[in-house]
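Structure first, commentary second.
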Amino acid sequence: MPTTTGPMPAPTEVWHTIADGIELRQLEAPVLPVQVARIDPSKVRFVVGYDPGAPRMLSAWAAQYSALAAINGGFFDQQGEPVALLISDQRAIGASYVGQGGMFAVDESGTPYLWALSERPYDGSPFAQAVQGWPLLVRTNGEAAYTGEDPQRARRSAIALDRSGRVLFIVAPAASFSLAEWSQFLAAADLDIAIAMNLDGGSSTGLITPGEQTGRLIDSLVPLPFALLVLPL
């Protein structure tokens with residue numbers, strides 16, 4: 001089995017509350033710290049913004065919705081259409097990954113779900129919002145899920161659920177990790193991750209949270225046709 005020798009995460013900060021239901025911390029990593037937003041789904045709501053005809057920077061998505069937090073979504077093609085399934089306000093766009101990747105979805109009650117599509121293929125069940133990503137990074141047993149031999153390091157982003165049911169937005173703002181190293185880093189992090197999946201990295205990577213002193217402004221480097229946003233109830 002391929003192995004990686006990537007950096008292991010170390011805690012550098014405690015959690016800091018920046019809004020009701022949203023906490024931030026960072027993890028020590030090469031070049032720049034990894035940024036983490038931990039979100040209590042009982043105190044917020046999730047929305048997938050989708051507008052392939054007028055893509056915009058992640059900061060613009062966040063400003064448009066007055067979002068408490070925002071992260072980039074999954075992969076998209078040159079026309080701005082998702083390469084996998086996307087659900088925005090109950091409207092399904094694209095086709096689901098089959099036998100690979102993962103799916104983050106929110107039902108009408110606001111309950112979030114995240115699962116491996118190889119274990120549970122999407123069956124068309126209705127959801128209010130959803131994004132799919134590839135590859136799966138952390139399995140439900142807490143182990144690293146990706147061991148492919150790809151040495152390319154890039155900016156990375158991921159979404160996860162912890163064992164208390166909270167949603168984690170996780171971003172590496174520097175080109176510090178290969179995909180295998182990213183998977184290993186998250187599996188070893190002290191974030192109590194139950195499952196995690198990769199989002200579109202590289203120039204799409206971004207994490208926006210409010211606050212001049214305590215917030216995070218890691219903008220995408222390119223306009224995005226869709227984004228995952230956290231709004232007040």
Side-chain angles (χ1 to χ4, degrees), residues 4 34 36-39 41 46-50 69-77 81-88 92-107 110-148 150 154-172 177-189 191-202 204-207 224-230:
T4 62
V34 168
V36 186
R38 186 168 69 181
I39 302 154
F46 294 89
V47 170
V48 175
Y50 170 72
I71 193 169
N72 60 285
F75 297 94
F76 53 89
D77 62 22
E81 298 293 349
V83 302
L85 180 70
L86 182 82
I87 300 176
S88 176
I93 303 104
S96 178
Y97 284 129
V98 177
Q100 64 175 347
M103 182 165 176
F104 172 81
V106 180
D107 65 18
T111 302
Y113 304 86
L114 179 56
W115 70 93
L117 290 164
S118 61
E119 299 174 3
R120 178 185 154 198
Y122 178 60
D123 61 3
S125 297
F127 286 104
Q129 317 285 338
V131 294
Q132 291 187 343
W134 179 92
L136 199 72
L137 296 170
V138 179
R139 300 186 188 280
T140 50
N141 58 11
E143 295 180 355
Y146 186 80
T147 55
D150 178 4
R155 287 159 50 112
R156 301 292 179 189
S157 57
I159 188 168
L161 286 183
D162 71 12
R163 297 185 191 280
S164 298
R166 293 168 296 199
V167 178
L168 305 177
F169 289 177
I170 312 170
V171 162
F177 299 96
S178 69
L179 271 175
E181 290 168 347
W182 188 224
S183 176
Q184 189 179 55
F185 180 91
L186 294 181
L191 297 172
D192 202 27
I193 290 175
I195 186 170
M197 77 174 185
N198 194 56
L199 296 172
D200 188 8
S204 296
T205 295
L207 175 66
L224 305 175
F226 49 88
L228 180 58
L229 307 147
V230 179

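Any value given below was found using the heavy atoms of this structure, including those in side chains, with hydrogens, waters and symmetry copies removed.
Within the model, atoms CZ of R156 and OG1 of T205 stand 8.0 Å from one another, a figure rounded to the nearest 0.5 Å. Of the inter-residue distances, the one linking I193 atom CD1 with L114 atom CG reads 10.0 Å to the nearest 0.5 angstrom. Rounding to the nearest 0.5 Å gives a distance of 8.0 Å between CD1 of I71 and CD1 of I170. Within the model, atoms CG of L199 and CG of L207 stand 11.0 Å from one another, a figure rounded to the nearest 0.5 Å. With values rounded to the nearest 0.5 angstrom, Q132 atom CD is found 7.5 Å from M197 atom CE. Note: I39 CD1 to L168 CG = 7.5 Å, rounded to the nearest 0.5 Å.
Relative ring orientation between W115 and F127 is described as tilted, the plane-to-plane angle lying within the 30° to 60° band.
When all heavy atoms are compared, the tightest approach of A92 to L85 is CB-CD1, 4.1 Å.
Using a 4.5 Å heavy-atom cutoff, the side chains of Y50 and P225 are not in contact.
Between the side chain of R155 and the main chain of G201, no donor-acceptor pair closer than 3.5 Å is present. Formation of a donor-acceptor pair under 3.5 Å by the Q184 side chain with backbone atoms of E181 is not found in this model. With S183 contributing its side chain and A144 its backbone, the two residues share no donor-acceptor pair below 3.5 Å. Between the N72 side chain and the D200 main chain, a donor and an acceptor come within less than 3.5 Å of each other.
Outside the 6.0 Å centre-distance limit, the rings of Y97 and Y122 are not counted as a close aromatic pair. Annotation: F185 is in aromatic contact with F177 [ring centroid separation under 6.0 Å].
With N198 as the fixed residue, the side-chain contact (heavy atoms from CB on, under 4.5 Å) test singles out one of F75, Y146, W134: F75.
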